[in-house]
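Here is the structure we will look at.
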2 protein chains.
Amino acid sequence: MKLHVKATAALKRRLGAKVDVSPDGRWAASFDSSKISFLPEAVITPQVEKDIGAVLELANVHRVPVTVRGRGTTLTGAAAPVQGGWVIDMRRLKRVRIDADAGMAHVDAGATNAAVQNAAAAKGWFYPPDPSSKEYCTIGGNIACNAGGMHGGKYGVTRDFVIALRGFLPTGEYVEWGTATKKFSAGFNLRDLWIGSEGMLGIVTGAVLKLIPQPATRWTLLTAFKDEVAALKAARVLFRARVQPAICEFLDRESVVCAERATGKSVFPGQAGRAVILLEFAGGVSEIAELKIPVLAWAQAEALASKEARDRDEAEELWAVRRKCSGAMFELGDAKLNEDIVVPMRNYEKFARFLTRLKRTSKLHVPTFGHLADGNLHVNIMYHRGNPSETRAAEKAVQLLMVTVVSLGGAISGEHGIGLAKTPFLRIQHRPAQVKAMQAVKQALDPRGILNPGKMFDVVRIWKYQKLQVKLPWDHK
Amino acid sequence: MKLHVKATAALKRRLGAKVDVSPDGRWAASFDSSKISFLPEAVITPQVEKDIGAVLELANVHRVPVTVRGRGTTLTGAAAPVQGGWVIDMRRLKRVRIDADAGMAHVDAGATNAAVQNAAAAKGWFYPPDPSSKEYCTIGGNIACNAGGMHGGKYGVTRDFVIALRGFLPTGEYVEWGTATKKFSAGFNLRDLWIGSEGMLGIVTGAVLKLIPQPATRWTLLTAFKDEVAALKAARVLFRARVQPAICEFLDRESVVCAERATGKSVFPGQAGRAVILLEFAGGVSEIAELKIPVLAWAQAEALASKEARDRDEAEELWAVRRKCSGAMFELGDAKLNEDIVVPMRNYEKFARFLTRLKRTSKLHVPTFGHLADGNLHVNIMYHRGNPSETRAAEKAVQLLMVTVVSLGGAISGEHGIGLAKTPFLRIQHRPAQVKAMQAVKQALDPRGILNPGKMFDVVRIWKYQKLQVKLPWDHK
């Protein structure tokens, strides 16, 4: 790893106490939730946005790699400073202001997703994107990977809620993409090019986000199915009837069993070990009342059993189980390849059959859950790191998964992004001409290659790296 | 204008009868709704998408300008082949297929907006973007300028409904941006970079569009106000109450008077010559019933008078007036600078006062109407081409309008795009670093500069050009 001693000295002269070169500070910024560590030379914690411009001016002149860090909740290694250099820690830039008339949130990139949701809710507005790490993850990070969550199918993902961005080019020049208006058609759309670009084309310091009216009421329903094929087929039937649940979460039998072992409780009493779909509907009071009729008829026809939450406490109880399943999986292995693939609805049953075969032929546990309203499934390939044959099987399984997903018309990542973790699969998704075009854009906007270098295009097999044994605040218990 | 005789001969050898070099064919493709004519050397009408790849391969080698044409409804000159070369006419590529389970439309770029709306509606789905030229304009054109329409505020614009794109790079290489899934976070987002790029970065041949469930019912309400400030203030009060009309159309007093003169009828009987807001609410039957209570209370408190449509026929009668106002304006002048600016809601009243001043100081008629749910207002600066002082006043007024809009935090174009018409104002909206970044992207993706050259960045004052005296099918009567 190349060191930039002169540049770092100049940085300290310019920004003083905002620059941390202590071993502890550098270590804390050396990894994200992928837990693969690469030490940076310095960590900058800007107090005002223009500090970032100053950092970039120096970095661009001296060709120092710059990696931006929200809170480091990403699982892909996107926030790990793989080529060292400088890390910009956004935690102090976290203002949130709600424009209650226009239904917009004006936020700094370091504000957490939950801070935005809560501020919006306090004024009767709703910000739907909700990654499971929402209490910790930042809006800047959400924008960097185009984060989704459970509400994606009905409401959309981060991209669908970003009205305008501001930030810096790698030269340190300040830019604004879009205005705080719902229509904007003036010039090339670099706003959306930045969204999902994982800090490689520019640095986002703030955003204007679209809000929608807070739904008046919610209704939760749990349904159980014989197996995965039955559940995924039933979901298709529901969507075909033009019913749009706000949330439609699927848990396969392995995920259910994990959650049941971890909690000592049945996910669906009387239906232990069954595949389940947990639904939430949101809307006006009479709208939801009208909706219950076709939805309950659907459940009766398609499910083995169903169970309504009669109030928010009962609903919360149902959701608590869903939240357990991810952490509970570490009973099945000490290592997880956590893939957030997407499958188009027309191929749901085909994909369920593929998963059954994958579990059988790999001899691995592959508990799978996810968001059926948009086909974004979290496929968790579990193995034991110390077991070479399991490790090989996992590596083979993930490759087969990605090839299958793309051949079914789907995506290798729905909401996590590429970072380091998905780099071996980028060219399964994209034709050579597409990758070449992306690289041309990178070269055009960051000609010196200082922004988050080593990500997206260089192939890195992160499962071959040593992982830190650390517990992060958002790690599942 | 440079001629490409050898290249055009090679093109004819390769594509035969699909290439038209007749004077009539070239003339018909020489202009769009801006009516400024630049003769191309050849017009290609592809039968299959790969014809476009073949055209581009040749064009890129021989550096021939290529301009794509939907139906030429754009008002900006974006489809006029200003540097000659070849025009690709997309009219034969117009398949539409609805995936009724997934709620998606698979469309060719040459399909009209109305064809998509109708096909979706036939299966219980709704495609909200609705430019006023929807019977003629194509989806490809809608994507090129990120077209909007009346539904933008509640539902979003074209960009918000594009799930995936396919098409060609200027090299003739085929690419696909995104998959037919609602989540996709794998690689840089060139899909959205293409949207709104006016055919300058790649050629769109097809798209997957998101659909939403068709609302069960609609309710139309017409309201009248003392003046523009009162109307725009009232709109803000409505939105502050978290009420989201599907459509919220404003007509200032000059627009109302135009429509009344043209039709010989009152827009709002008993309220002749008043500023009006025409509202449509869409949703479930009980949802709309619930909504009427706060909306009627709002109308009582804020408006001089209001009038409900009791059925679809009455609603249609109210909408007929709105459709008249644009064409009726040519009573006020034989030339129109038609600007589709956007103003943020917080500055609605300030903007209304500015417009009053502009009319007074310019001594011109500036009838204004538009979409209050997203602040996208059509400001029509009317003048007589033969009158030099009016012409100068119009030129001065449009400059002042653009500077004011940007200083109020708005946009110089909400749904038309830049083309040629808005090029004098691009740098009012965008900082030099922003324009430089856009130009770098253009250079990266189209290094030989063959795609729709001469647009966006070169300053062209189209009001100085001679206009064709032709009547287009979508011209107002």
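Just so it is clear: chains get the letters A, B, ... in the order the sequence lines come, proteins before strands, and each one is counted from 1. As the structure is a computational prediction, the values presented were derived from the model and not from experiment.
- With a 4.5 angstrom heavy-atom cutoff, A/V435 does not touch chain B via any of its atoms.
- Residues that satisfy the side-chain hydrogen bond (donor to acceptor under 3.5 Å, both in side chains) test with A/H371, not counting sequence neighbours, are A/E249, A/H378, A/E415.
- Both the backbone and the side chain of A/I418 come within contact range of chain B, each with at least one heavy atom under 4.5 Å from a heavy atom of that chain.
- When heavy atoms are compared at a cutoff of 4.5 Å, B/L426 approaches chain A solely by way of its side chain, counted from C-beta outward.
- For chain B, the option among A/A289, A/G375, A/G103, A/G410 with the highest count of heavy-atom pairs below 4.5 Å is A/G410.
- Of the residues considered (B/G153, B/P432, B/G283, B/P447), B/G153 shows the highest number of contacts with chain A, using heavy-atom pairs under 4.5 Å.
- Of the residues considered (B/M104, B/Q244, B/Q439, B/R236), B/Q244 shows the highest number of contacts with chain A, using heavy-atom pairs under 4.5 Å.
- Against chain A, the residues from residues 180-193 of chain B that qualify, each with a non-hydrogen atom under 4.5 angstrom away, are B/A180, B/T181, B/K182, B/K183, B/F184, B/S185, B/A186, B/G187, B/F188, B/N189, B/L190, B/R191, B/D192, B/L193 in number order.
- Of the listed residues (B/G202, B/A433, B/A440), the one with the most heavy-atom contacts under 4.5 Å to chain A is B/A433.
- Both the backbone and the side chain of B/E287 come within contact range of chain A, each with at least one heavy atom under 4.5 Å from a heavy atom of that chain.
- Annotation: maximal heavy-atom pairing with chain B below 4.5 Å, among A/A147, A/A411, A/S286, occurs at A/S286.
- If you measure heavy-atom distances from B/M438 to chain A, the contacts under 4.5 Å come from both the backbone and the side chain.
- The parts of B/Q434 that come within reach of chain A are both its backbone and its side chain, each placing non-hydrogen atoms under 4.5 angstrom from that chain.
- Top candidate by heavy-atom pairs under 4.5 Å with chain A, chosen from B/M345, B/M456, B/E198, is B/M456.
- Using modelled atom types, one side-chain atom of A/R242 and one backbone atom of B/K123 make a donor-acceptor pair closer than 3.5 Å.
- Of all the listed residues (A/S413, A/A216, A/A444), the one sharing the greatest number of non-hydrogen pairs under 4.5 Å with chain B is A/S413.
- Interface check for chain B: of the options A/A102, A/G417, A/G196, the most heavy-atom pairs under 4.5 Å are formed by A/G417.
- Chain B is approached within less than 4.5 Å, heavy atom to heavy atom, by A/V157, A/R159 from residues 154-164 of chain A, ordered by number.
- Proximity to chain A is limited to the backbone of B/I195, based on heavy atoms less than 4.5 angstrom apart.
- Between chain A and the residues B/I412, B/L201, B/D99, the most heavy-atom pairs under 4.5 angstrom are made by B/L201.
- Per-residue counts of heavy-atom pairs under 4.5 Å with chain B were compared for A/D374, A/V343, A/I341; the largest is that of A/D374.
- Of the atoms belonging to B/V406, not a single heavy atom falls under 4.5 Å from chain A.
- Using a 4.5 Å cut-off between non-hydrogen atoms, the part of residues 165-178 of chain A that approaches chain B consists of A/L169, A/E173, A/Y174, A/V175, A/E176, A/W177.
- Between chain A and the options B/A373, B/P344, B/G284, heavy-atom pairs under 4.5 Å are most frequent for B/P344.
- To the nearest 0.5 Å, the span separating CG on B/L408 from OG1 on A/T179 amounts to 11.5 Å.
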